[in-house]
There are 2 protein chains.
Amino acid sequence: MARQAAVKKAGDLRHTAEERRTEVLQAAVAEFALHGLHGTSTEMIAKRIGISQPYIFRLFPSKKALFLAAIDQCFDRVETAFRNAARESANPSEPNRHATASPVEARLHEMGHAYLRLMAKRELLLFQMQAYAACSDEDVRRKVKLRWERLMKVTGEISGASGDALTGFFARGMLMNVLASIRLVPEKSADKWGHEMLGYG
Amino acid sequence: MARQAAVKKAGDLRHTAEERRTEVLQAAVAEFALHGLHGTSTEMIAKRIGISQPYIFRLFPSKKALFLAAIDQCFDRVETAFRNAARESANPSEPNRHATASPVEARLHEMGHAYLRLMAKRELLLFQMQAYAACSDEDVRRKVKLRWERLMKVTGEISGASGDALTGFFARGMLMNVLASIRLVPEKSADKWGHEMLGYG
DNA sequence: GGACTTAGTGAGTAATCAGTCATAAGGAGG
DNA sequence: CCTCCTTATGACTGATTACTCACTAAGTCC
């Protein structure tokens with residue numbers, strides 16, 4: 001707060017390292033999503049938020065470390081969205097949509113919608129594909145594998161689903177990822193299509 | 001034939017441009033699968049088959065053109081495998097495995113197995129992921145989209161499946177791709193797991 | 001054996017890259 | 001005012017890149 005009391009020359013401010021780190025991370029997700037680990041230069045990331053390229057290396061030890069942090073952020077966002085969706089489906093703020101569905105189905109339904117909303121921005125969607133593609137790198141693979149295991153466990157726990165229902169849920173999600181990556185589905189009808197795809201039309 | 005009559009000093013032979021092109025294409029699939037479009041240098045590809053790096057550019061106009069050719073080859077192999085599988089399931093050389101299944105189910109079953117066999121080599125599997133990841137490039141995206149549309153059409157035609165059955169078939173395939181990419185599944189039980197995953201256990 | 005075509009390479013180029021380092025400059029506390 | 005810490009950059013480096021070009025040599029036809 002003391003810092004905020006100082007006069008603000010717009011855009012001239014210095015930020016804390018922590019603020020910058022999150023900025024860089026966000027920019028990194030955006031750039032990595034478009035061009036992948038090897039196709040993205042640290043300069044691209046720096047330019048996106050208007051800092052110098054060397055400063056990236058003060059905030060992250062290497063480009064790969066930044067990529068790994070981006071993976072964590074990506075999975076965190078999915079996990080959070082799933083938790084919120086499951087919580088929302090607990091107190092039915094949306095009445096009479098699927099009165100006949102079981103609680104488990106209702107939660108999966110809500111989580112499917114949450115996933116669609118998250119991926120509609122395309123940034124997370126494309127970054128996810130880049131993360132899978134970069135899995136020939138052992139560090140990347142380890143991290144992605146770890147987060148997948150955790151996501152499946154968490155998803156099973158909070159939805160109550162298991163076995164075929166859970167597998168089917170993730171399977172439809174992955175197909176959606178691919179088809180959305182290549183824009184096989186007309187943009188305009190993506191919403192409707194997504195809901196049908198996920199089996200909750 | 002006239003060419004073959006000449007004395008062969010092992011390894012000293014010159015090949016036709018066409019032979020080299022297929023060699024290069026094969027090497028390209030292997031390298032691109034591991035390191036992606038941007039992570040693979042033309043030198044890596046050249047070294048793999050023991051030719052000079054500049055010669056690549058006599059056989060293909062650019063690195064991207066080579067990548068696009070690799071995409072075609074990848075989808076061709078899947079398509080061929082599917083066609084063969086459907087043909088095989090027509091004359092039941094394997095009796096009494098699923099006597100109760102409908103012809104459509106039997107064909108999908110056989111095609112699922114064929115896909116597992118193809119992907120077991122991991123080369124096509126990983127290259128596929130690289131192709132999806134490279135879809136921010138418009139030329140790549142166009143080609144992948146085209147081949148996907150064609151693959152879905154062909155698959156529907158030769159299997160007789162449609163709607164949910166077809167969607168489910170591809171969805172399970174994509175989930176398998178991802179989980180196999182990150183080796184989430186223990187290598188030893190991959191076969192059994194794959195069959196269960198595809199719903200034909 | 002000589003002329004012509006085709007396979008194949010060595011040497012280079014201009015550009016780009018991740019990462020380093022010395023140093024500037026903003027702000028807080030005295 | 002001065003001191004000290006942190007934010008931030010400019011200038012650089014050695015390595016790597018896709019791609020070009022002039023050239024060699026192998027094989028073919030007459």
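Computed from a prediction, not measured in an experiment: that's the story for all the values here. Here is the naming used below: chain letters follow the sequence lines, and residue numbers restart at 1 for every chain. Heavy atoms only: backbone and side chains are in, while hydrogens, waters and symmetry mates are out.
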Return the set of residues passing ring pair (Phe, Tyr, Trp, His ring centres under 6.0 Å) with B:Phe67 (not counting sequence neighbours), or none when no residue passes.
->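 Partners of B:Phe67 by the ring pair (Phe, Tyr, Trp, His ring centres under 6.0 Å) criterion, ordered by chain and then number, come out as B:Phe32, B:Phe127.
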Just jot down the salt bridge (charged side-chain N to carboxylate O under 4.0 Å, His left out) partners of [X], sequence neighbours excluded, or say none.
{"X": "A:Arg122", "result": "none"}
{"X": "B:Arg83", "result": "B:Glu79"}
{"X": "A:Lys153", "result": "A:Glu157"}
{"X": "A:Arg87", "result": "none"}

Reading nucleotides 3-10 of chain C from 5' to 3' and marking B where a protein heavy atom lies under 4.0 Å of the base, S where only the sugar-phosphate is that close, and - otherwise, the string is ---BBBBB
task: Please list residues of residues 40-47 of chain B whose heavy atoms come under 4.0 Å from any atom in DNA chain D, ordered by number; otherwise none.
output: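 Hits under 4.0 Å, by residue number: B:Thr40, B:Ser41, B:Thr42.
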At a heavy-atom distance below 4.0 Å, what parts of residues 61-71 of chain B sit against DNA chain D?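 Here the set is B:Ser62, B:Lys63.
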Can you run down the side chain to side chain donor-acceptor pair (under 3.5 Å) pairs that involve residues 133-146 of chain B, sequence neighbours left out, and say none if there aren't any?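 Pairs touching residues 133-146 of chain B that pass the test: B:Lys64-B:Asp137, B:Lys64-B:Asp139, B:Asp72-B:Lys143, B:Glu138-B:Arg141, B:Asp139-B:Arg142.
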According to salt bridge (charged side-chain N to carboxylate O under 4.0 Å, His left out), does anything in residues 26-41 of chain A pair up with another residue at least two apart or in another chain? List the pairs.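 Every salt bridge (charged side-chain N to carboxylate O under 4.0 Å, His left out) pair that includes a residue of residues 26-41 of chain A, provided the two are not neighbours, is A:Glu31-A:Arg48.
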Listing, residues 55-63 of chain A side-chain donor-acceptor contacts under 3.5 Å, not counting sequence neighbours, or none:
from	atom 1	to	atom 2	distance (Å)
A:Ser62	OG	A:Ala65	N	3.2
A:Lys63	NZ	A:Leu37	O	2.8
A:Lys63	NZ	A:Thr40	O	2.7

- Task: Give, ordered by number, those residues of residues 24-36 of chain A having at least one heavy-atom distance below 4.0 Å to an atom of DNA chain C; if nothing qualifies, reply none.
- Result: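 Contacting residues: none.
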